[in-house]
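Right, one structure below, let's go through it.
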Amino acid sequence: QVQLVESGGGLVRAGASLRPSCVGPGRTFMEAALGWFRQAPGKEREFVAPISRGGKIYFSDSVKDRFPTSRDNANTVSLQMNSLKPDDTAVYYCAKTNRIAYFASRDYLMSQNAYATWGQGTQVTVSS
């Protein structure tokens, strides 16, 4: 069974940075797109930032370019969270598609339905 494991969340002050990462099986990682989503208390889970199989990255309007994601190696993807705000407080989830085309569209990768495998989440808390 494919598993994704996130780590690297934490409690920080506004303006600080964090770099959560997600580890999964190497071969299926390289054939898939990876996405980050978040869910704040009392809110629905929302799209944050994906990276396509070909390495193209996208951003949600809520984070713009503060949170670039990257493939660190064959089985690790990270989310560089810069200039954190209290509104960024949430559980952050890593997700993986099944095998996919190299450059799937942003609209497709924004949808939770595009992803077949999810991690357990890592908590990010930003104090003011």
Side-chain angles (χ1 to χ4, degrees):
Q1 182 178 358
V2 175
Q3 291 186 336
L4 304 179
V5 179
E6 300 104 329
S7 62
L11 170 61
V12 297
R13 290 186 177 273
S17 297
L18 279 174
R19 188 178 171 84
S21 61
C22 172
V23 179
R27 183 179 64 82
T28 58
F29 245 49
M30 297 307 294
E31 295 177 340
L34 288 305
W36 289 93
F37 291 78
R38 68 184 181 184
Q39 187 166 21
K43 295 186 178 181
E44 294 186 353
R45 189 159 55 186
E46 66 172 352
F47 157 77
V48 175
I51 182 166
S52 73
R53 179 180 176 187
K56 187 171 179 61
I57 62 175
Y58 303 99
F59 304 101
S60 69
D61 291 339
S62 61
V63 303
K64 299 192 185 297
D65 59 355
R66 293 188 296 124
F67 293 2
T69 186
S70 62
R71 293 179 185 264
D72 297 340
N73 54 48
N75 65 344
T76 304
V77 62
S78 295
L79 183 68
Q80 180 63 47
M81 306 173 72
N82 301 315
S83 303
L84 281 161
K85 306 174 182 179
D87 285 349
D88 295 321
T89 296
V91 177
Y92 283 74
Y93 297 91
C94 170
K96 186 184 77 65
T97 66
N98 288 325
R99 192 172 187 270
I100 196 172
Y102 274 89
F103 294 110
S105 71
R106 178 180 183 271
D107 285 348
Y108 179 73
L109 294 179
M110 284 174 58
S111 170
Q112 297 182 49
N113 292 332
Y115 299 88
T117 306
W118 293 78
Q120 82 289 352
T122 185
Q123 176 70 47
V124 172
T125 303
V126 185
S127 63
S128 57

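Numbers for residues simply follow the sequence, beginning at 1. Just so you know, these numbers use all the heavy atoms, side chains as well, and skip hydrogens, waters and symmetry mates.
Considering all non-hydrogen atoms of both residues, Ala90 and Gln123 come closest at O-NE2, 3.4 Å. What you find for Ser52 and Ala33 is that their closest heavy atoms are CA-CB, 4.0 Å. Nearest heavy atoms, Tyr108 versus Ile100: CE2-CD1, 3.6 Å. Here the closest non-hydrogen pair linking Val124 and Gly9 is CG2-CA, 4.0 Å. Of all heavy-atom pairs between Ala14 and Pro86, the closest is CB-CD, 4.1 Å. In terms of heavy-atom proximity, Thr122 sits nearest to Ser7 at OG1-C, 4.2 Å.
Distance CG/Asp107 to CZ/Phe47: 9.0 Å, rounded to 0.5 Å. Annotation: the span from Met30 atom CE to Asn75 atom CG amounts to 9.5 Å, rounded to 0.5 Å. The structure places CG of Leu84 at 7.5 Å from CG of Asn82, a figure rounded to the nearest 0.5 Å. To the nearest 0.5 Å, the span separating CD on Gln120 from CD on Glu6 amounts to 4.5 Å. Put simply, NZ on Lys64 and CZ on Phe59 are 11.5 Å apart, with the number rounded to the nearest 0.5 Å. Rounded to the nearest 0.5 Å, atoms CD1 (Ile57) and CZ (Arg71) are 12.0 Å apart.
Distance alone, capped at 3.5 Å, places no donor-acceptor pair between the Arg38 side chain and the Thr89 backbone. Distance alone, capped at 3.5 Å, places no donor-acceptor pair between the Thr69 side chain and the Ile51 backbone.
Considering only heavy atoms from C-beta on, Val23 stays 4.5 Å or farther from Cys94 through its side chain. With a 4.5 Å cut-off on side-chain heavy atoms, Ser70 and Gln80 do not count as touching. No side-chain heavy atom of Phe67 sits under 4.5 Å from any side-chain heavy atom of Ser60. Between Lys56 and Leu109 there is no side-chain heavy-atom pair separated by less than 4.5 Å. Using a 4.5 Å heavy-atom threshold, the side chains of Thr28 and Thr117 count as separate. Tyr93 is not listed as a side-chain neighbour of Leu4, based on a closest heavy-atom distance of 4.5 Å or more. Contact of the Trp118 side chain with the Arg45 side chain is registered, since non-hydrogen atoms from C-beta on lie closer than 4.5 Å. Counting heavy atoms from C-beta on, the side chains of Pro25 and Lys96 never come closer than 4.5 Å.
For the pair Arg53 and Tyr102, the cation-pi test (distance below 6.0 Å, angle within 45°) is passed.
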| task | Any chance you could lay out the side chain to side chain contact (heavy atoms under 4.5 Å, CB included) test for Val126 and Met81, step after step, and finish with the verdict? | result | CA-CA 11 Å; Val126 185; Met81 306 173 72; over 6 Å; no
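Between Phe37 and Tyr115, the distance separating the two ring centers is shorter than 6.0 angstrom.
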